[in-house]
Amino acid sequence: MLPDETVVRTTLSGVTQAEVSTSTLGVVVRIPADDASSALAALKASSLDFIMLVDLLGTDTGEEVEITYHLRSLTRDEDLYVKCVLPYEGVLHSVWNVYASALLPERETAELFGLTLAGHPNPARLLTVDDTEPLLRRSVAIRTLEEVRDR
Amino acid sequence: MTDPRDTVLTHALQAEGTYDSGKAPAGIRRIPRGVDGLATEHLVVNIGPQHPSTHGVLRLVVELDGEEIMNAEVAVGYLHRGIEKLGEHRRYHQLGTLMDRGDYVSGIHGELAAALATEQLLEVEVPAKAQWLRSLMSEINRVASHLVWYGTFGLDCGAMGQFLYAVRDRENLLDILEAVSGQRMMFNYVRPGGVVADLPADAEQKLRTFLRTIDGYLEEHDALLGGNEIFQKRVRGVGAIDRTTALSFGLTGANLRCTGVPYDVRRDKPYAAYEELQFDVPLGSTGDAWDRYLVRMEEMRQAVRMIRQCIDGLPEGDVMAKVPKVLRPPAGEVYACVESPRGELGVHLLSDGSDTPYRFHYRAPSLFAMQVLEEILPGQLLADAIMLIGSVDVVLGEIDR
């Protein structure tokens, strides 16, 4: 189910430059990265009742890293996607104060896209060892075992 | 229960990075030195990554005061294969093969999520028979997966017999899955557009034979473990998760339903043939390990109920829609999810119109189930930690991806 765009817009009236649109994914809100925590808190507390952060993922758009927060309301059976962009080597501000489920996905996203994690209780790497390249960047090539050995 | 965020803040081990017994991190109680100069101190123990009770390669760092856990931190990544990165260099048909190796205990569900996402991008209509076969195989796989959980959960609690019985029944199910797909675990059966093959006659025969005995066996399983007083004493009232915590940590599946939240993807966002199948969504009330046990046991009975409906109501027709050999979906972004035995398994696909996905993301339910361990373990006994890892039913293959 798709949430009402107008209600989403009203809820985020405190966030300047919030853009609401509908795509193949569903209703997508684009916000400045600095407002992520406050925007998510507003959406969670609003009548839209986005009680769950279902998922958090990064995408390398070729110019910057796009972070997608997937929110869900169980009472209204609606999903909402909040997106913001960060520069490469940018700082990802943790939203675990709003949604505790962001704790591990944020660590994973930060290490795999080469971002710095701020405001997180344990900003350590999750999946890879120190000095691993940011693997999910488009510029990092996929290599065969032989190529890895020859490096 | 307190605010979940408070507990995370007191994770002294995480905040400090390393543990130094000479310097007590904030929030940890120091025991004063006795008159003879001797003192007790907290002990940091690594459980895993190769311990049999960690269900794969989970490493749990626990800080102990005697037998009691003060802090717990989960350390993962020992099985990281870069499935998401590999997916960006594979064609859409090949995503299922990767998903099989994520949650390797219930491969059908992973394949199905990838196929659903691809079909959403392509806007393909899947034939009715394929939809029913998808549901049938999903439910067979769900019982097989829950039997692994049932057997190993008993082992974690110190029981042995139930594991042998669970493996006996799972073998029969794997034989059926093999007869249909050709593989015991890495099926590659569900493809974008439908399924790869019709149900062969010998598989149907095996399934009907299996269905003659399974009801009695499930009751036997329940009586053997659930009817055991020692087991009940181990799990009742231990590791309770309340609704707020469950939702804020993103739990799904049986881990969420045991707290009384009625959310099931099969019912609330129907896919495959679930709209036409009759089934109940079992709910718990207290959210403890005993409720998680009861919910999963009932899920097996409901799955068997659905297998019967699927095999009796299987429509005639094709099992594969007309799809090109090389898929080039139009540009767009989609999310598709299924109810895997561990919860909501989702696939997030971003297409740029080429023959490989631009971004392929795997929402692993176990990842979210596992982070709640850091929340519920403090205050428990070390022996219960092993039981609680078993009770949330995580598969490390999909956590590390």
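Letters A, B, ... mirror the listed sequences (proteins, then strands); counts begin at 1. Since the structure is predicted, the reported quantities are computational estimates derived from the model, not experimental observations. Basis for what follows: all heavy atoms, side chains included, without hydrogens, waters or symmetry-related copies.
Heavy-atom minimum distance, Ser101(A) versus Gly250(B): CB-N, 3.6 Å. Leu367(B) and Glu108(A) get closest at one heavy-atom pair: CD2-OE1, 4.1 Å.
For the pair Glu84(B) (side chain) and Leu136(A) (backbone), a donor-acceptor distance under 3.5 Å is absent. The backbone N or O of Leu135(A) lies less than 3.5 Å from a partner atom in the side chain of Lys85(B), making a donor-acceptor pair. With Arg359(B) contributing its side chain and Leu57(A) its backbone, the two residues share no donor-acceptor pair below 3.5 Å.
Heavy atoms of Leu79(B) lying under 4.5 Å from chain A are absent altogether. In this structure, no portion of His120(A) lies under 4.5 Å from any heavy atom of chain B. Neither the backbone nor the side chain of Val372(B) comes within contact range of chain A, judged by heavy atoms closer than 4.5 Å. In this structure, the portions of Val140(A) lying under 4.5 Å from any heavy atom of chain B include both its backbone and its side chain. Residue Leu74(A) touches chain B through its side chain alone, counting heavy-atom pairs closer than 4.5 Å. For Arg125(A), no part sits under 4.5 Å from any heavy atom of chain B, backbone or side chain.
Here Asp60(A) is the residue among Thr128(A), Asp77(A), Asp60(A) with the most heavy-atom pairs under 4.5 Å with chain B. Contacts with chain B were tallied for Leu126(A), Thr24(A), Leu127(A), Val129(A); Leu127(A) has the most, counting heavy-atom pairs under 4.5 Å. Chain A forms the most heavy-atom pairs under 4.5 Å with one residue out of Arg401(B), Gln371(B), His80(B), Glu88(B), and that residue is Gln371(B). Most heavy-atom pairs under 4.5 Å with chain B, from the set Gly26(A), Pro105(A), Ser23(A): that is Pro105(A). For the set Phe368(B), Tyr335(B), Tyr358(B), the entry with the most heavy-atom pairs within less than 4.5 Å of chain A is Tyr358(B).
The salt bridge (Lys or Arg N to Asp or Glu O under 4.0 Å) analysis of residues 43-52 of chain A, with sequence neighbours excluded, yields no pairs.
Rounded to the nearest 0.5 Å, atoms CG (Leu103(A)) and CD (Glu374(B)) are 7.5 Å apart. Rounding to the nearest 0.5 angstrom, the gap separating the CD1 atom in Ile51(A) from the OG1 atom in Thr244(B) is 7.5 Å. If you take CG on Leu247(B) and OH on Tyr99(A), they are separated by 10.5 Å, rounding to the nearest 0.5 Å.
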**Request:** Could you walk me through whether Thr252(B) and Met52(A) pass side-chain contact (heavy atoms from CB on, under 4.5 Å), step by step?
**Result:** CA-CA 10 Å; Thr252(B) 47; Met52(A) 253 175 113; 3.8 Å; yes
**Message:** If you apply the rule side-chain contact (heavy atoms from CB on, under 4.5 Å), what do you find for His361(B) with Asp55(A), and how did you get there?
**Reply:** CA-CA 10 Å; His361(B) 175 74; Asp55(A) 204 359; 2.8 Å; yes
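Residues of residues 341-351 of chain B lying within less than 4.5 angstrom of chain A, judged on heavy atoms, are Glu344(B), His348(B), Leu350(B) in numerical order.
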